[in-house]
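Have a look at the structure below before the remarks.
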There are 2 protein chains.
Amino acid sequence: MGIMTKNSATKGTTETTPYLLDQQIGFLLRRVQQRHLAIFFDHLPELTSTQFAALAKLCELGSVSQNELGRRVAMDVATIKGVVDRLRARDLAVTKKDPNDQRRLLVRPTKAGRAAFNHFSSAALGVTKETLDPLTQKEAERLLTLLSKLT
Amino acid sequence: MGIMTKNSATKGTTETTPYLLDQQIGFLLRRVQQRHLAIFFDHLPELTSTQFAALAKLCELGSVSQNELGRRVAMDVATIKGVVDRLRARDLAVTKKDPNDQRRLLVRPTKAGRAAFNHFSSAALGVTKETLDPLTQKEAERLLTLLSKLT
DNA sequence: CAAAATCCGTTTGCATACGAATGAGTTTCA
DNA sequence: TGAAACTCATTCGTATGCAAACGGATTTTG
């Protein structure tokens with residue numbers, strides 16, 4: 001009994017690896033994300049990180065269906081709906097039925113939406129910079145490369 | 001106008017860096033976490049990642065106040081309350097008032113809680129392993145080291 | 001063409017996640 | 001000692017995040 005489990009990387013012996021929460025990738029990811037979100041809120045309390053991401057992609061795409069916008073920013077259909085609702089409530093985006101496909105709900109940034117994105121994008125870049133601040137330039141690049149492989 | 005913002009890394013020129021969502025650390029972190037949570041659910045649908053983390057730390061500490069447990073697993077007071085409630089509902093943990101400090105709510109794993117942790121910890125280690133599968137051993141170690149610096 | 005397979009948006013239900021406010025208990029320290 | 005400062009747990013409100021189920025629209029395919 002106890003917290004030991006078999007270590008499949010060894011053979012011939014019955015070595016074990018304890019489960020140490022603080023060394024698990026999932027726990028680390030969660031804590032780094034927490035720190036990042038805190039930094040985001042410091043720099044940009046007007047929008048959530050999620051809302052800004054959707055707005056950024058929306059400004060990049062111009063006009064796009066709600067579902068596809070969700071795919072582009074890796075958000076569930078239920079999640080992207082809420083995010084778009086909140087962007088609409090803040091007059092940063094508008095929606096209308098796609099005349100060519102009655103299923104689709106086209107989303108488009110408003111003037112104010114584009115203005116907000118332009119206004120806040122340097123702050124958002126500052127968030128990235130501050131998040132990576134404990135690392136050297138090389139380390140930061142290495143981290144982004146490694147994370148990309150885990151997508 | 002447009003999506004350009006000043007690049008503070010240059011001087012003497014007015015070079016700009018566009019805001020590219022897909023290259024921001026926050027967006028990458030979010031997507032890697034999504035993948036990790038999906039893998040966790042595949043291996044361990046019985047418990048959420050959060051619940052397992054709290055249970056693991058609880059088994060490590062034995063008996064601890066709800067607030068301190070939250071701090072140890074990096075969860076907000078409101079969040080840890082819900083998690084402990086759900087662990088209690090599954091008979092994996094029990095709580096009682098601390099007789100020495102009326103403010104504190106002591107949390108303790110049940111027999112079933114310890115049994116569940118022992119039973120699932122190898123699966124949880126498998127989650128870590130599969131999450132890091134796209135990386136070599138060296139890369140994985142490097143990643144954990146870099147993430148640790150961002151905590 | 002028409003049935004089957006897809007796709008789209010919505011809703012519901014559950015589980016994090018955090019800020020802020022509240023009330024109760026404990027510690028500090030003037 | 002006694003008020004101020006702090007700690008703890010709870011609650012409320014808001015915002016993700018995902019699974020599942022639904023009805024409607026479109027595309028695929030036999």
Side-chain angles (χ1 to χ4, degrees), chain A residues 26-27 29-42 44-55 64-90 92-93 95-107, chain B residues 26-27 29-42 44-55 64-90 92-93 95-107:
Chain A
F27 190 62
L29 283 170
R30 198 169 134 271
R31 288 180 52 200
V32 174
Q33 180 132 32
Q34 278 179 336
R35 176 165 162 277
H36 172 259
L37 290 176
I39 293 172
F40 194 100
F41 185 74
D42 277 351
L44 246 172
E46 296 87 355
L47 285 176
T48 67
S49 158
T50 308
Q51 287 164 17
F52 184 78
L55 179 60
V64 65
S65 80
Q66 185 174 277
N67 252 24
E68 179 166 0
L69 177 59
R71 283 192 295 270
R72 298 298 201 101
V73 290
M75 291 178 206
D76 190 72
V77 286
T79 302
I80 192 64
K81 187 208 185 311
V83 174
V84 167
D85 282 350
R86 271 162 235 125
L87 289 179
R88 279 200 304 150
R90 289 157 173 272
L92 302 177
T95 60
K96 68 161 183 172
K97 278 278 191 75
D98 184 340
N100 300 117
D101 189 335
Q102 299 294 314
R103 295 170 303 179
R104 289 189 164 89
L105 186 67
L106 292 177
V107 191
Chain B
F27 190 63
L29 283 171
R30 196 169 135 271
R31 289 182 48 205
V32 173
Q33 179 130 32
Q34 278 179 335
R35 176 166 163 275
H36 172 259
L37 290 177
I39 293 172
F40 194 99
F41 185 75
D42 278 350
L44 248 172
E46 296 87 353
L47 285 176
T48 67
S49 159
T50 308
Q51 287 165 17
F52 184 78
L55 179 60
V64 65
S65 80
Q66 185 174 275
N67 250 26
E68 180 167 359
L69 177 59
R71 283 193 295 270
R72 298 298 201 101
V73 290
M75 291 178 206
D76 190 72
V77 288
T79 302
I80 192 63
K81 187 209 184 315
V83 174
V84 167
D85 283 350
R86 273 162 235 124
L87 289 179
R88 277 199 305 150
R90 291 159 172 271
L92 302 177
T95 59
K96 68 161 185 174
K97 279 278 190 73
D98 185 339
N100 299 118
D101 189 334
Q102 299 294 313
R103 294 170 303 180
R104 289 188 164 91
L105 186 68
L106 291 177
V107 190

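The structure presented is a predicted model; accordingly, all values stated were derived computationally and were not measured. A, B, ... follow the sequence lines: proteins, then strands. Residue 1 opens every chain.
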Exercise for the section: Check the pair B:N67 / B:R103 against side chain to side chain contact (heavy atoms under 4.5 Å, CB included), numbers first and verdict last. Expected result: CA-CA 10 Å; B:N67 250 26; B:R103 294 170 303 180; over 6 Å; no

Practice task
For the pair A:L87 and A:V107, evaluate side chain to side chain contact (heavy atoms under 4.5 Å, CB included) and give the outcome as yes or no after the intermediate values.
Solution key: CA-CA 10 Å; A:L87 289 179; A:V107 191; over 6 Å; no

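Counting all heavy atoms, side chain and backbone alike, B:V73 lies closest to B:A54 at CG1-CA, 4.1 Å. B:F40 and B:T48 make their closest contact through CE2-C, 3.6 Å (heavy atoms, listed as atom of the first residue, atom of the second, distance). The two atoms that bring A:N100 and A:D98 nearest to each other are N-OD1, 2.8 Å, heavy atoms only.
The CG atom of A:L37 sits 10 Å away from the P atom of C:dA17 (whole-angstrom rounding). Rounded to a whole Å, the CZ atom of B:R104 is 10 Å from the C1' atom of C:dG25. Between A:K97 atom NZ and C:dT10 atom C1' there is a gap of 12 Å when expressed in whole angstrom units. Whole-Å rounding puts the B:R90 CZ to C:dA15 C1' distance at 11 Å. The interatomic distance linking B:I80 (CD1) with C:dA15 (P) rounds to 15 Å, in whole Å. Rounded to an integer number of Å, the gap from NZ of A:K81 to P of C:dT12 is 11 Å. To the nearest angstrom, P of C:dC14 lies 17 Å from CG of B:L47. To the nearest angstrom, P of C:dC8 lies 12 Å from CG of A:L106.
Side-chain atoms of A:L47 and A:L92, non-hydrogen and from C-beta on, do get closer than 4.5 Å to each other.
One N or O donor and one acceptor, one from the side chain of A:R103 and one from the base of C:dC7, sit under 3.5 Å apart.
Between B:D101 and B:Q33, the residue anchored closer to the 5' end of DNA chain C is B:Q33, taking for each the nucleotide with the nearest heavy atom. Take the nearest nucleotide of DNA chain C for B:T50 and for A:A38: the residue whose nucleotide is more 5' is B:T50. Closest-nucleotide positions on DNA chain D for B:Q66 and A:R86 were compared, and the one nearer the 5' end corresponds to B:Q66.
If you check every strand for non-hydrogen atoms under 4.0 Å, A:S65 touches sugar and phosphate atoms only.
Of the residues in residues 67-79 of chain A, those placing a heavy atom less than 4.0 Å from an atom of DNA chain C are A:N67, A:R71, A:V77, A:A78, in numerical order.
Distance check, rounded to the nearest 0.5 Å: CG of B:L69 to CG of B:L105 gives 10.5 Å.
Using a distance-only test at 3.5 Å, with no hydrogens or angles considered, a donor-acceptor pair links the side chain of A:R30 to the main chain of B:A74.
Listed by first and then second residue, the salt bridge (charged side-chain N to carboxylate O under 4.0 Å, His left out) pairs that reach into residues 69-83 of chain A are A:E68-A:R72, A:K81-A:D85, sequence neighbours excluded.
Where DNA chain D meets chain A (any atom under 4.0 Å from a heavy atom), the bounding nucleotides read 5' to 3' are D:dA15 to D:dT26.
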